[in-house]
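Okay, structure first, notes after.
Convention: sequence-line order gives letters A, B, ...; per-chain numbering from 1. Source: prediction; values computed, not measured.
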2 protein chains.
Amino acid sequence: MTSQAADGPETVAATRRSKITPEREREFFDAVLEQIRECGYESVTMEGVAASTRCSKSTLYRQWKTKPQFVAAALRASRRVRFAGIDTGSLAEDLRQAARAAGDWSGKDTRLLQALGHAWTADKELAEALREALVNPEIAALQEMLARGVARGEVRADHPALEYIPAMMFGVLRVRPVLSGQYADADYLARFVEATVLPALGLTQDPGRRSRDD
Amino acid sequence: MTSQAADGPETVAATRRSKITPEREREFFDAVLEQIRECGYESVTMEGVAASTRCSKSTLYRQWKTKPQFVAAALRASRRVRFAGIDTGSLAEDLRQAARAAGDWSGKDTRLLQALGHAWTADKELAEALREALVNPEIAALQEMLARGVARGEVRADHPALEYIPAMMFGVLRVRPVLSGQYADADYLARFVEATVLPALGLTQDPGRRSRDD
DNA sequence: GCTCATCGATACGTCTCCGTACCGATACGC
DNA sequence: GCGTATCGGTACGGAGACGTATCGATGAGC
């Protein structure tokens, strides 16, 4: 409903109903998400988005009925699989690479999630768009990663830590700003995975140090 | 500056400058925090707090200059040490009890932190009050717990997982609503500690299952 | 080349909220 | 018992934002 011209960046539908190209739409979406990150969802105004993209408020309201619908559309359009394609053949190495990959976009996405604040708990459409864009793809990628490790026999299928790995990874991303005032970067995440995730899964392959060697 | 009558609940200073008793003040604070949890920081209005406590907006503005200062005062006054006094003599048991204790208040505090959204990142006073009230006491209690375990020789002082335990505990609290739509309760937290925190620390004392027994 | 839908700009109405001011009533301090 | 400061209620001004309406200009489609 939002963008009917989804068949390509240049080829537009025969009877064009909007002059908004997909590139232009992306500009709107990027602008509103960036303003949410900087000012918080409640403080973002349609006027502000219109001004920063040099379009008119009417143009925005012609495409999207209300501000939450606009933001939800922007969220859905920002859906990207961040660390897909990680498949090193080793679960530990997969998780290490996932940590480094997550560190690269953690700032933007963590800030966005934080800035959405209470809005997504109140608006069903926002919540759904949020999960669809930021949460579900990453969870699915992580679980595929874990499933491959199980299939290779690196971890038992009934290992109790398995179901908590996503919560560990995204939890530390989300809580770091509250605890230490800074976002989790790739290095921090890599150390976290090494120190907690891999040991919890029994994947500590470092022979130099055992946990209970005293 | 906010409440000068801090010498007791009944005994008031000689030259009383405000008719707001500490109990009445607590009513204001409870009301605003509850409204923040329910509606989000931005949507909370001074009118709403005044109405719910049957006081006048003037009364609130006589005591606190602005809304952020009011909320910050409420946060600071809500400072409580949630799981202090846990000292079973065993680090693993301490952590298990901490998990159960955290599960009891996780709903309220997690919702509050979530509902504060972007406000505390923008307002220095809010951020400081937030840390002082919700974050620092818990971190300190956890670290004392860990320090006792180290002193008893249960964990090596340079164990790499030590510094990430607070992030694990509070991270999973904070991220659970996003991942599964519900808050972490005591049972979930207890299972999380058992499945990830204790193994990461090398404290798995369950002899029936080892992580690398295959 | 013409037509018309859409664009950007702007003005407008409505609403909500912040923070202040005023005004009797009440209850504390002396 | 009296004076006075604070309380609760309300009205007010100012600001800002949502969403709508209007209007010339532009450019795509035929």
Sidechain-backbone polar pair: B:Ser106 side chain, B:Ala184 backbone, donor-acceptor under 3.5 Å:
yes
Do A:Lys108 side-chain atoms and A:Arg37 backbone N/O form a donor-acceptor pair below 3.5 Å?
no
Positions of residues 111-130 of chain B (non-hydrogen atom under 4.0 Å from DNA chain C), listed by number:
none
Using a distance-only test with no angle check, is there a side-chain donor-acceptor pair under 3.5 angstrom linking B:Ser56 and B:Ser58?
yes
Electrostatic pair A:Glu23:A:Arg26 at N-O distance under 4.0 angstrom:
no
Whole-Å distance, A:Phe70 CZ to D:dC18 P, equals 11 Å
Report the residue (B:Thr53 or A:Ser43) whose heavy-atom-nearest nucleotide on DNA chain D is the more 5′ of the two.
B:Thr53
Quick one: B:Tyr41 OH to C:dC17 P, roughly how many Å, whole number?
14 Å
Closer than 3.5 angstrom, by distance alone: can the side chain of B:Glu42 be matched with the main-chain N or O of A:Glu42 as a donor-acceptor pair?
no
Kindly say whether B:Gly117 contributes a backbone atom to a donor-acceptor pair with the side chain of A:Gln114 at under 3.5 angstrom?
yes
Take the protein atom OH of A:Tyr61 and the nucleotide atom P of C:dA9, then report the distance between them rounded to whole Å.
16 Å
Quick one, give me the B/S/- string for nucleotides 21-27 of chain D, reading 5' to 3', where B means a protein heavy atom under 4.0 Å from the base and S means that only happens at the primed atoms, P, OP1 or OP2.
B----B-
Salt bridge flag under 4.0 Å for residues B:Glu27 and B:Arg54:
no
Nearest whole Å is fine: how far is C:dT10 P from A:Arg54 CZ?
15 Å
Spacing of A:Met46 atom CE relative to C:dA9 atom P, expressed in whole Å
16 Å
Most 5' of A:Ala50 and B:Lys67 on DNA chain C, judged by nearest nucleotide:
A:Ala50
What is the distance, rounded to the nearest whole Å, between atom CG of B:Leu60 and atom P of C:dT20?
13 Å
Should the ring pair A:Trp64 and A:Phe28 be called parallel, tilted or perpendicular, given that the plane angle runs from 0 to 90° and is split at 30 and 60?
perpendicular
What is the distance from CD of A:Glu25 to C1' of C:dC7, rounded to the nearest Å?
16 Å
The side chain of B:Arg24 is closest to which nucleotide in this list: D:dA17, C:dC18, D:dG8?
D:dG8
With no hydrogens and no angle check, do the side chains of B:Ser52 and B:Gln35 hold a donor and an acceptor under 3.5 Å apart?
yes
In whole angstrom, what separates B:Glu47's CD from D:dC12's P?
15 Å
With a cut-off of less than 4.0 Å, is there a side-chain N or O of B:Gln63 near OP1 or OP2 of D:dT6?
no
